[in-house]
Amino acid sequence: MSNSAASPMAASSTSMAGRGSGKTTSFIPELQSMMYALGDSRRPLHETAALVEDIVHTQLINLLHQAAEVALLRGARAISPEDIIFLMRKDKKKLRRLLKYIQFRDYKSKLMKTVDDEDPLDSDKYSSSSVNKRQRLAQDFLGSIDQTGEFLALVEDEEMDEVKQERIERLEKQTRNMDLAQYSDFCESRQLSFSKKASKFREWLDCSSLDVKPNAIAMEILSYLAYETVAQIVDLALLVKQDMTPKTGDPFGHAISATFLQYHGSSAEGMSTKREPESPDNTPPSTPSGPLSSGHQGKLHSMAQGNGSLSQDTSSKSKQRKRKKSAAACGAEAQSSAIQPAHIREAIRRYSHKIGPLSPFSSAYRRSGMTFLAC
């Protein structure tokens, strides 16, 4: 990877400024559905999805430029899967995940051709290299750069992917309490991907402006890496969100994030300011007791008779205040269940600096430049 790449968050802001008003293609609605299908709340925040879009776009653009450099060094006229695999060679886990995806794509192509064929029993013609062209390209290239046999061993590796397994278990727990309509909506969100919007995805990456453009199989891999980047951002943000949530009886509850403490500190100040009139120092002095004249007694008697409506007005106002407070609390609770932009920024910060509980997920490409999430 090139050292000239910017940091993830800085590059994100640069990407926003660079695209500016000229940016006409947006995946924010699709990203909101993807984030929901990956573990976020039912209504992911628009600003969170916009931040995720900028991070993913920045990462893919930098990946494209570096793959173009590799293609030019090879003397190729287009970006091919070999160029992307070369950039991923240092992270064995993610390279193995990509090889599994390539196998799946070949298997899906073979299955579709079998379904469309009039003679599906004749399986000999489907064993040709033209059907498994993706696997053949990947294996031939890995064999050309593999001096120890570790790359080719990844093709046959059947080790369980712990990250994906944990993601599946989390989503299974998420769907337990869904009704039929909610589960149907969840399944529709699960089917969304960048590859199903190929022309929009190519326009989003502005491939027409590149001197060396990616071919069809390279675009498939880029769309897969884009979705994996979204998935990993959501995974890491959920860990940060869980880390920022205080737990009752937790002996390490004092070690909460500074952002969380600052937020609750400002909330506590606001609450104390609102409750200030109820403090004893601000209560009005009591009415002095003393002998009352007959005129005063008559006035008090009339006030006592009309006090019923006054007490009713006071109680109705207090009920309205309680309703407003409960509605505000419900709205805040619904919003707090969604991933916040602060969770995304903190996740990227921890990932980039290889600290805390996210360090096992960090990339092998840890240089002075950008830390890539998907490769």
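Numbers for residues simply follow the sequence, beginning at 1.
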Checklist entry - Quick one: CD1 on I85 to CZ on F151, what's the gap to the nearest 0.5 Å? => result 10.5 Å

Checklist entry - What do you reckon, is CG of L180 surrounded by more than 12 foreign heavy atoms closer than 6.0 Å? => result no

Item to check | salt_bridge(E220, R134) N-O dist < 4.0 Å | outcome: yes

Checklist entry - Residues in side chain to side chain contact (heavy atoms under 4.5 Å, CB included) with E30, at least two apart? => result F27, M34, K197, K200

Item to check | Sequence-distant partners of R190, salt bridge (Lys or Arg N to Asp or Glu O under 4.0 Å), two or more places apart | outcome: none

Checklist entry - Taking atom CG of L45 and atom CD1 of I339, what is their separation to the nearest 0.5 Å? => result 9.0 Å

Checklist entry - Between R350 and E346, does at least one N-O distance fall below 4.0 Å, as a salt bridge requires? => result yes

Checklist entry - Under a 4.5 Å side-chain heavy-atom rule over Ile, Leu, Val, Met, Phe, Trp and Tyr, are I84 and L72 clustered together? => result yes

Checklist entry - Hey, does the Lys NZ or Arg CZ of R42 hover above the aromatic six-ring of Y36, less than 6.0 Å from the centre and inside 45° of the axis? => result yes

Checklist entry - Counting only heavy atoms not in N177, do more than 12 fall under 6.0 Å of its CG? => result no

Checklist entry - Angle class for the F201/F194 ring planes (parallel below 30°, perpendicular above 60°, tilted otherwise)? => result tilted

Item to check | Cluster overlap L31 with Y227, hydrophobic side-chain contacts below 4.5 Å | outcome: yes

Checklist entry - Side-chain donor-acceptor pair under 3.5 Å between Q59 and T229, yes or no? => result no

Item to check | Heavy atoms of other groups near R74 CZ, more than 12 under 6.0 Å | outcome: yes

Checklist entry - Residues two or more places apart in sequence or in another chain: which of them pass salt bridge (Lys or Arg N to Asp or Glu O under 4.0 Å) with R202? => result none

Next on the checklist: Do the side chains of E169 and K173 get close enough for a salt bridge, i.e. N-O under 4.0 angstrom?
Outcome noted: no

Checklist entry - Is it the case that more than 12 heavy atoms not belonging to E162 sit under 6.0 Å from its CD atom? => result no

Item to check | Atom pair CZ (R89) and CG (L154), whose distance is rounded to the nearest 0.5 Å | outcome: 14.0 Å

Checklist entry - Using 4.0 Å as the upper bound for N to carboxylate O, is an ion pair formed by K164 and E228? => result yes

Checklist entry - Salt-bridged, R136 to D106, with N to O below 4.0 Å? => result no

